[in-house]
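We name chains A, B, ... by the order of the sequence lines, and we start the count at 1 in each one.
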Amino acid sequence: GAGVSQTPSNKVTEKGKYVELRCDPISGHTALYWYRQSLGQGPEFLIYFQGTGAADDSGLPNDRFFAVRPEGSVSTLKIQRTERGDSAVYLCASSSPDIVGVPGELFFGEGSRLTVL
Amino acid sequence: QKEVEQDPGPLSVPEGAIVSLNCTYSNSAFQYFMWYRQYSRKGPELLMYTYSSGNKEDGRFTAQVDKSSKYISLFIRDSQPSDSATYLCAMRKEGAQKLVFGQGTRLTINP
């Protein structure tokens with residue numbers, strides 16, 4: 001596809017359940033990011049992949065959150081034992097590499113809206 | 001205190017007005033400064049970026065960075081109803097990939 005694709009677009013689950021959110025980046029983009037956006041707030045960094053490896057996972061809030069990118073393309077964000085406070089829009093972005101002085105532009109998907117009841 | 005502060009608004013102005021949006025930040029290591037626009041239920045899209053200090057102009061949009069004051073601005077000239085959106089500032093350090101976003105300012109341009 002032409003842009004970053006995220007599925008599902010909406011997910012409603014019950015407290016304590018397990019959730020997987022999928023991101024399909026722009027073809028050829030080696031960098032992939034997950035951000036979380038709560039209502040009325042800016043996106044908050046969760047994790048950054050360069051290829052298959054997580055280069056920076058400092059934003060993951062706790063060990064209930066985990067993300068993988070096994071083949072360097074599609075990524076899955078996994079949330080165990082969901083809590084009501086996990087309700088937010090989870091945004092995925094991909095980018096091409098930086099050139100000196102020119103940051104690689106992040107292209108965001110439309111997000112997966114998670115509601116935990 | 002957040003690393004990046006942005007007034008959430010809302011801000012409502014008439015069509016054709018000049019709009020000024022701004023952010024302050026606390027981390028002097030930030031080197032890349034971006035402005036994103038986000039329409040309702042969509043992902044953010046990059047409007048402009050500035051590397052280090054200075055001004056940058058792109059059509060009706062001008063971005064300014066004052067590192068001495070830790071203050072960045074986005075000006076929109078001849079504002080249009082289609083400019084109605086949430087505007088997010090974002091910044092990052094040299095060599096880092098993590099973007100730190102402001103809260104976003106919700107802007108409405110009234111016809």
Side-chain angles (χ1 to χ4, degrees), chain A residues 2-7 9-10 21 23-26 29-51 53-60 88-113, chain B residues 2-11 21-25 27 30-54 56 58 63 65 72 74 85-107:
Chain A
V4 177
S5 176
Q6 291 189 246
T7 54
S9 55
N10 280 284
L21 307 175
C23 174
D24 200 340
I26 292 172
H29 279 184
T30 56
L32 184 145
Y33 312 78
W34 285 99
Y35 284 80
R36 176 169 70 176
Q37 188 172 25
S38 300
L39 191 63
Q41 301 297 315
E44 176 189 8
F45 172 81
L46 295 176
I47 187 169
Y48 153 62
F49 287 90
Q50 183 60 249
D56 183 353
D57 64 357
S58 62
L60 294 177
V89 176
Y90 289 81
L91 292 165
C92 177
S94 68
S95 75
S96 51
D98 291 356
I99 302 170
V100 174
V102 180
E105 181 178 347
L106 265 67
F107 292 88
F108 282 87
E110 295 195 346
S112 292
R113 184 174 299 270
Chain B
K2 293 182 180 180
E3 276 190 293
V4 180
E5 298 278 359
Q6 184 176 10
D7 186 337
L11 182 62
L21 304 167
N22 54 73
C23 291
T24 59
Y25 63 96
N27 193 334
F30 288 139
Q31 288 279 36
Y32 291 99
F33 303 91
M34 289 88 160
W35 286 95
Y36 284 81
R37 178 173 61 195
Q38 186 174 27
Y39 292 114
S40 181
R41 294 188 172 262
K42 299 291 186 182
E45 56 178 342
L46 181 67
L47 276 176
M48 298 181 70
Y49 78 90
T50 308
Y51 179 65
S52 193
S53 277
K56 191 170 187 178
D58 184 0
V65 174
I72 72 170
L74 178 72
T86 295
Y87 288 80
L88 297 152
C89 63
M91 40 200 86
R92 54 175 258 214
K93 301 175 192 176
E94 185 81 68
Q97 295 297 322
K98 170 185 171 180
L99 273 180
V100 181
F101 282 86
Q103 185 176 354
T105 300
R106 188 168 180 178
L107 173 66

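- In this structure, the separation between CD on E110(A) and OH on Y39(B) is 13.5 Å, given to the nearest 0.5 Å.
- Residues G43(B) and L91(A) approach most closely at CA-CD2, 4.2 Å, considering heavy atoms.
- Q38(B) touches chain A through its side chain: at least one heavy atom from C-beta onward sits under 4.5 Å away, while N, CA, C and O do not.
- For residues 97-104 of chain B, heavy-atom neighbours of chain A at less than 4.5 Å comprise Q97(B), K98(B), L99(B), F101(B), G102(B), Q103(B), sorted by residue number.
- For chain A, the option among Q6(B), E45(B), R92(B) with the highest count of heavy-atom pairs below 4.5 Å is R92(B).
- With values rounded to the nearest 0.5 angstrom, Q37(A) atom CD is found 8.0 Å from T86(B) atom OG1.
- Neither the backbone nor the side chain of P8(B) comes within less than 4.5 Å of any heavy atom of chain A.
- Contacts between Y33(A) and chain B at a heavy-atom distance below 4.5 Å involve the side chain alone, from C-beta outward.
- For R106(B), no part lies near chain A; criterion is any non-hydrogen pair under 4.5 Å.
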